Amino acid sequence: MTSGVEIKVAPSILAADFSRLGEQVAEASNGGADYIHVDMMDGHFVPPITIGAQVVSAIRPWSEVPIEVHMMVEEPTKFIPELVDAGADTAVVHVEACKDLRSTVDKIVSSGIKAGVALSPSTSELSLQGVLSNLSLVVAMTVEPGWGGQPFIPKVLDKVTRIRSMIDDGGYDAELEVDGGINIETAGYAVKAGAGILVAGTAIYGSGVPVDQAIANIRQSVHNIN
């Protein structure tokens, strides 16, 4: 990552207090978040069942920053219309959940929102070939998709660097996001590998400090890795 570039932070509301979710989203939005990260899980692609378009619609009035929906679901295209109606700005689908990745990406883009693709830790970056030109976001998972609070998987960092090279060498506009186990100890390594956006859940909503300070702490921590 180029020195001096401001790192973007995307708080994951999976770790927020759901009894006051709107307020927690607003705290992140007003506290320096660049995106609000929503983890949508269907109990099929991954074991947990979480939230969907109704929650996106509910939190939309609480935030002026873009909402990205990380779709850990089977048959993601069937959910796109309701996410568009709910106010999502970006829909991120998993390579592993798409029978035809290019067609899925095209459907997202044609719906009028931005398209992103996520790769599980063991999925090769070569799966991005043929779709990078239509992507606004690539998400490299540094934990297995599903449960929150998992430990960071360092070996994925080499893949992050390779994805960074693919994007830069090809002249693509896609941003590169790292999702999973991000905190003040790991954030710098993800950025050094090439990430421009960091998803953090527990490190923001469970850090014991106000949300705005937690976001600032993650940004500051990236400067501690040489």
Side-chain angles (χ1 to χ4, degrees), residues 8-31 33-120 131 134-139 141 143-149 174-175 177 179-180 197 199-202 204-205 211:
K8 296 181 179 180
V9 178
S12 170
I13 65 169
L14 187 63
D17 179 353
F18 273 50
S19 70
R20 57 184 196 94
L21 188 55
E23 294 174 17
Q24 292 261 274
V25 168
E27 288 172 15
S29 178
N30 296 331
D34 297 282
Y35 301 96
I36 300 297
H37 187 89
V38 176
D39 289 301
M40 179 179 177
M41 309 183 201
D42 63 358
H44 297 285
F45 179 69
V46 290
I49 298 174
T50 56
I51 54 185
Q54 287 182 318
V55 170
V56 174
S57 180
I59 66 173
R60 179 70 279 178
W62 290 85
S63 176
E64 295 182 358
V65 305
I67 295 175
E68 56 182 40
V69 181
H70 182 184
M71 304 174 71
M72 288 171 270
V73 301
E74 293 180 353
E75 300 182 54
T77 54
K78 69 182 182 181
F79 298 103
I80 298 302
E82 58 189 80
L83 288 177
V84 173
D85 290 343
D89 297 279
T90 303
V92 180
V93 297
H94 264 264
V95 170
E96 307 84 11
C98 298
K99 295 178 181 178
D100 185 336
L101 183 60
R102 182 179 296 195
S103 174
T104 301
V105 168
D106 288 345
K107 288 179 180 178
I108 296 171
V109 174
S110 66
S111 74
I113 63 175
K114 295 179 178 180
V117 166
L119 291 77
S120 294
V131 298
N134 287 333
L135 297 182
S136 296
L137 183 65
V138 175
V139 182
M141 296 291 295
V143 299
E144 295 297 334
W147 304 107
E175 294 187 279
E177 181 174 277
D179 180 5
I197 308 173
V199 176
T202 304
I204 289 176
Y205 288 115
V211 169

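Just so we're clear, the structure is a prediction, and the values are computed from it rather than from any experiment.
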*Asks:* Residues two or more places apart in sequence or in another chain: which of them pass side-chain hydrogen bond (donor to acceptor under 3.5 Å, both in side chains) with Asp42?
*Replies:*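 Counting only residues at least two positions away or on another chain, Asp42 forms no side-chain hydrogen bond (donor to acceptor under 3.5 Å, both in side chains).
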
*Asks:* Working note: Val73 + Met40, criterion side chain to side chain contact (heavy atoms under 4.5 Å, CB included); need CA distance, chi angles, decisive distance, verdict.
*Replies:* CA-CA 7 Å; Val73 301; Met40 179 179 177; 4.1 Å; yes

*Asks:* How far apart are the closest heavy atoms of Ala33 and Ile36, and which atoms are they?
*Replies:*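 Shortest heavy-atom separation between Ala33 and Ile36 comes out as CB-CD1, 4.4 Å.
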
*Asks:* Just jot down the side-chain hydrogen bond (donor to acceptor under 3.5 Å, both in side chains) partners of Ser12, sequence neighbours excluded, or say none.
*Replies:*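 Asp39.
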
*Asks:* Is there a side-chain contact between Ile67 and Val25 in this structure, where contact means two heavy atoms from C-beta onward sitting under 4.5 Å apart?
*Replies:*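 No, their side chains stay 4.5 Å or more apart.
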
*Asks:* Counting C-beta onward and ignoring hydrogens, is there a side-chain heavy-atom pair between Val93 and Val117 closer than 4.5 Å?
*Replies:*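 With C-beta onward as the side chain, the pair touches.
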
*Asks:* Under the side-chain hydrogen bond (donor to acceptor under 3.5 Å, both in side chains) definition, can you give me all pairs with a residue in residues 43-62, not counting sequence neighbours?
*Replies:*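 Those involving residues 43-62 are Arg60-Asp89.
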
*Asks:* Judged by atom type as modelled, is there a donor-acceptor pair below 3.5 Å linking the side chain of Glu175 to the main-chain atoms of Ile197?
*Replies:*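 No, the answer is negative, given that no donor and acceptor are paired below the 3.5 Å cut-off.
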
*Asks:* With a cut-off of 6.0 Å (strictly less than), are more than 12 heavy atoms of other residues, nucleotides or ligands near CD of Glu75?
*Replies:*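 For Glu75, atom CD is not crowded (no more than 12 foreign heavy atoms under 6.0 Å).
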
*Asks:* Assess the residue pair Val55 and Val38 against the criterion (side chain to side chain contact (heavy atoms under 4.5 Å, CB included)); give the C-alpha distance rounded to whole Å, side-chain angles, the decisive distance to 0.1 Å, and a yes or no.
*Replies:* CA-CA 9 Å; Val55 170; Val38 176; 5.6 Å; no

*Asks:* For side chain to side chain contact (heavy atoms under 4.5 Å, CB included), just list the numbers for Val139 and Val199, CA-CA rounded to whole Å, side-chain angles, deciding distance to a tenth of an Å, and then say yes or no.
*Replies:* CA-CA 9 Å; Val139 182; Val199 176; 5.6 Å; no

*Asks:* Show the nearest heavy-atom pair for residues Val56 and Ala88, with the distance to one decimal.
*Replies:*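 Looking at all heavy atoms of both residues, the shortest contact is CG1-N, 4.0 Å.
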
*Asks:* Show the numbers, then the answer: is there a side chain to side chain contact (heavy atoms under 4.5 Å, CB included) between Met71 and Leu83?
*Replies:* CA-CA 10 Å; Met71 304 174 71; Leu83 288 177; 3.7 Å; yes

*Asks:* Distance from Gln24 atom CD to Ser19 atom OG, nearest 0.5 Å?
*Replies:*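 The distance works out to 8.0 Å.
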
*Asks:* Please name the pair of heavy atoms, one in Ala10 and one in Glu68, separated by the smallest distance, quoted to 0.1 Å.
*Replies:*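 Scanning both residues completely, I find the closest heavy atoms to be CB-OE2, 3.8 Å.
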
*Asks:* If you look at every heavy atom in Leu21 and Ala16, which pair is closest and at what distance?
*Replies:*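 Looking at all heavy atoms of both residues, the shortest contact is CD1-CB, 3.9 Å.
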
*Asks:* Using every non-hydrogen atom in the two residues, find where Pro145 and Met72 come nearest and quote the distance to one decimal.
*Replies:*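 Of all heavy-atom pairs spanning Pro145 and Met72, the closest is CB-SD, 3.7 Å.
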
*Asks:* Listed by chain and number, what are the side-chain hydrogen bond (donor to acceptor under 3.5 Å, both in side chains) partners of Asp106, not counting sequence neighbours?
*Replies:*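 Checked Asp106 against side-chain hydrogen bond (donor to acceptor under 3.5 Å, both in side chains); matches are Asn134.
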
*Asks:* Any side-chain heavy-atom pair from Val211 and Tyr205 closer than 4.5 angstrom?
*Replies:*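 When only atoms from C-beta onward are counted, Tyr205 and Val211 do touch, with a gap below 4.5 Å.
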
*Asks:* Residues in side chain to side chain contact (heavy atoms under 4.5 Å, CB included) with Val84, at least two apart?
*Replies:*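 Checked Val84 against side chain to side chain contact (heavy atoms under 4.5 Å, CB included); matches are Ile80, Ser111, Ile113.
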
*Asks:* Would you mind reporting whether Ile51 and Ile13 have side-chain heavy atoms less than 4.5 Å apart?
*Replies:*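 In contact.
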
*Asks:* Which pair of non-hydrogen atoms, one from Asp179 and one from His70, has the smallest distance, and what is that distance?
*Replies:*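 Taking Asp179 first and His70 second, the nearest heavy atoms are OD2-ND1, 3.3 Å.
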
*Asks:* Over 60° means perpendicular and under 30° means parallel, so tell me whether Phe45 and His94 are parallel, tilted or perpendicular.
*Replies:*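 Judged by the thresholds at 30° and 60°, the geometry between Phe45 and His94 is tilted.
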
*Asks:* To the nearest 0.5 Å, how far apart are CZ in Arg102 and OG1 in Thr104?
*Replies:*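 Arg102 atom CZ to Thr104 atom OG1 measures 12.0 Å (nearest 0.5 Å).
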
*Asks:* For Asp17, enumerate each residue passing the salt bridge (charged side-chain N to carboxylate O under 4.0 Å, His left out) test, keeping only those at least two apart in sequence or located in another chain.
*Replies:*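 Asp17 satisfies salt bridge (charged side-chain N to carboxylate O under 4.0 Å, His left out) with Arg20 once adjacent residues are dropped.
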
